[in-house]
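The next block holds one structure in the form of structure tokens; read it before the comments.
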Amino acid sequence: MTNSIFQDKELLGKLQGLTVARLKTMPENTRVAIGSQQHSKSDLLGHVSKADELGKQIMIMQLEYLQALASGEIYKDDHTDHPAQA
Amino acid sequence: MTILITRPRHDAGNNYLFHWSKPVVELAGNRGFRLADLSGSKANRKLLWQYCKKLRPSLLFLNGHGSSSSIAGHNDEVLIQADDQLSDFANSAFYCRSCDSAVLLGPSLISSGAKIFIGYVRKFIIGYMPEFMTHPLKDPLAKLFLEPSNLVVSSLVKGNTAIDAYKKSQHAMRANLRKMLSSQASFEERYHSFFLWSNIKNQILLGDSQGKLS
């Protein structure tokens with residue numbers, strides 16, 4: 001699914017627009033540490049706008065989060081949907 | 001039993017991991033575990049392998065930057081990678097609080113005889129507020145991300161099985177997520193919920209799910 005989104009320019013544009021809109025609502029006084037980098041709101045917006053590797057990862061995070069909100073998965077408290085791997 | 005901890009502190013993300021590992025270090029000490037605490041510049045490859053060969057730790061709690069095939073320490077020196085002689089870690093449990101290392105390093109450790117591996121198949125993310133940079137344990141945003149991750153180790157130290165340690169961490173992350181989505185949440189907390197969701201979805205357990213520290 002991930003690759004097909006990024007190969008489809010129309011889908012990529014929609015996901016980019018959605019992610020940018022949501023990131024713009026973030027507070028200015030926080031940071032996120034992702035790997036060895038620390039990112040401000042404007043850093044995150046820059047990565048998503050450029051659709052670089054980190055930007056794509058943030059778009060996928062946002063998409064998966066919204067899908068989980070819509071499906072109600074986010075409010076479940078069991079682990080049957082995400083079992084530990086034996 | 002011995003617990004080996006790496007906690008470099010050469011950048012902001014690692015500094016948060018360094019400080020948030022302290023409560024777990026203290027708990028393990030209070031429970032009578034022997035501790036090999038490789039903090040700061042001691043979190044290097046030479047010392048880690050020396051300690052592992054000598055002490056054969058039951059648990060390695062590794063904080064630092066990671067890739068799919070490795071985990072790093074001070075100044076991002078690679079400490080363990082998938083093509084190392086991983087049989088030296090036979091019967092050990094691992095919690096790698098790092099990005100990506102559950103993709104290849106975790107399976108390689110398990111196939112080489114490690115008992116348990118808990119880690120992340122994508123980025124491990126910490127939300128934080130720079131005003132707390134010098135007092136990370138007081139950062140209310142970082143607490144939502146790091147307190148539940150500490151539960152992996154504290155649960156294993158208390159004698160829980162791997163699956164119970166994993167579930168306790170998952171449960172605590174989900175409880176924090178619900179708080180972040182509620183009307184009780186601060187502005188800062190609410191807008192970082194999707195990062196915590198990513199940590200929830202990408203934390204996995206490999207190996208003996210019924211295993212305990214031994």
Side-chain angles (χ1 to χ4, degrees), chain A residues 1-3 15-16 18-45 47-48 52-86, chain B residues 10-17 64-67 72 76 98-100 102 106-107 117-118 122-131 133 141-142 145 162-163 166-167 170-171 174-175 177-178 181 186-198 200-209:
Chain A
M1 180 189 77
T2 306
N3 286 338
L15 184 54
Q16 239 174 340
L18 174 70
T19 307
V20 165
R22 290 183 59 85
L23 287 176
K24 280 183 176 173
T25 64
M26 284 182 66
E28 304 280 355
N29 63 329
T30 62
R31 300 286 184 275
V32 286
I34 306 175
S36 58
Q37 303 294 317
Q38 294 78 49
H39 302 279
S40 65
K41 171 182 170 177
S42 63
D43 295 333
L44 297 174
L45 283 166
H47 285 290
V48 172
D52 60 16
E53 187 185 349
L54 180 59
K56 287 177 181 173
Q57 289 179 10
I58 293 166
M59 285 187 258
I60 292 299
M61 281 180 215
Q62 190 65 246
L63 179 63
E64 290 176 348
Y65 173 75
L66 292 173
Q67 288 172 332
L69 268 178
S71 70
E73 184 189 355
I74 237 166
Y75 296 101
K76 291 179 187 170
D77 199 25
D78 63 70
H79 308 282
T80 53
D81 57 335
H82 184 57
Q85 297 180 7
Chain B
H10 57 280
D11 59 32
N14 274 308
N15 189 50
Y16 267 76
L17 296 178
H65 299 312
S67 71
D76 300 335
S98 71
C99 299
D100 302 324
F117 183 95
I118 298 176
R122 284 199 213 153
K123 302 298 179 194
F124 178 76
I125 301 172
I126 309 165
Y128 68 97
M129 302 174 74
E131 67 197 82
M133 186 64 76
L141 182 58
F145 289 79
I163 188 66
Y166 172 82
K167 285 184 172 180
Q170 285 277 315
H171 178 85
R174 284 176 178 264
L177 185 71
R178 283 194 293 274
L181 293 170
S186 68
F187 181 57
E188 290 82 6
E189 290 168 351
R190 188 165 305 127
Y191 288 96
H192 286 74
S193 53
F194 86 95
F195 293 116
L196 184 59
W197 180 246
S198 180
I200 292 170
K201 294 303 292 181
N202 294 309
Q203 183 192 52
I204 68 165
L205 161 64
L206 302 170
D208 180 4
S209 61

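Here the structure is a predicted model, which is why all the values come from computation and not from measurement. Below, chains carry the letters A, B, ... as their sequence lines are ordered, and counting in each starts from 1.
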Stepwise side-chain contact (heavy atoms from CB on, under 4.5 Å) test for A:Gln57 and B:Arg122: CA-CA 9 Å; A:Gln57 289 179 10; B:Arg122 284 199 213 153; over 6 Å; no
CA sep, side-chain torsions, deciding dist, call: B:Trp197, A:Leu69, side-chain contact (heavy atoms from CB on, under 4.5 Å): CA-CA 10 Å; B:Trp197 180 246; A:Leu69 268 178; over 6 Å; no
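Considering all non-hydrogen atoms of both residues, B:Arg174 and A:Lys76 come closest at NH1-O, 2.6 Å. For the pair A:Thr30 and B:Glu188, the tightest heavy-atom approach, listed with the atom from each and the gap, is CG2-CG, 3.5 Å. Shortest non-hydrogen contact noted between B:Ser198 and A:Met61 is OG-CG, 3.7 Å. Between B:Ala12 and A:Gln38, the shortest heavy-atom distance links the atoms CB-CG, 3.5 Å. Residues B:Leu181 and A:Tyr75 come closest through the heavy atom pair CD1-OH, 3.9 Å. When all heavy atoms of B:Ser193 and A:Tyr65 are compared, the closest pair comes out as OG-OH, 2.7 Å.
Looking at B:Tyr128, both its backbone and its side chain come within 4.5 Å of chain A, counting heavy atoms on both sides. Both the backbone and the side chain of B:Ile125 come within contact range of chain A, each with at least one heavy atom under 4.5 Å from a heavy atom of that chain. Contacts between A:Leu23 and chain B at a heavy-atom distance below 4.5 Å involve the side chain alone, from C-beta outward. Proximity to chain B (any heavy atom under 4.5 Å) is shown, for A:Leu54, by neither the backbone nor the side chain. Contacts of B:His192 with chain A are made by side-chain atoms alone, with heavy-atom separations under 4.5 Å and no backbone atom involved. Neither the backbone nor the side chain of B:Ile118 comes within contact range of chain A; no heavy atoms are under 4.5 Å apart.
Within the 4.5 Å cutoff, the side chain of B:Met133 has no heavy atoms near those of the A:Arg31 side chain. Looking at heavy atoms from C-beta onward, A:Ile58 lies in side-chain contact with B:Phe194 at the 4.5 angstrom threshold.
With chain A as partner, the option from B:Gly13, B:Ala162, B:Ala72, B:Pro130 having the largest number of non-hydrogen pairs under 4.5 angstrom is B:Pro130. Between chain A and the options B:Tyr191, B:Phe195, B:Phe145, the largest number of non-hydrogen pairs under 4.5 Å is found for B:Tyr191.
The side chain to side chain donor-acceptor pair (under 3.5 Å) search around A:Lys56 returns none, not counting sequence neighbours.
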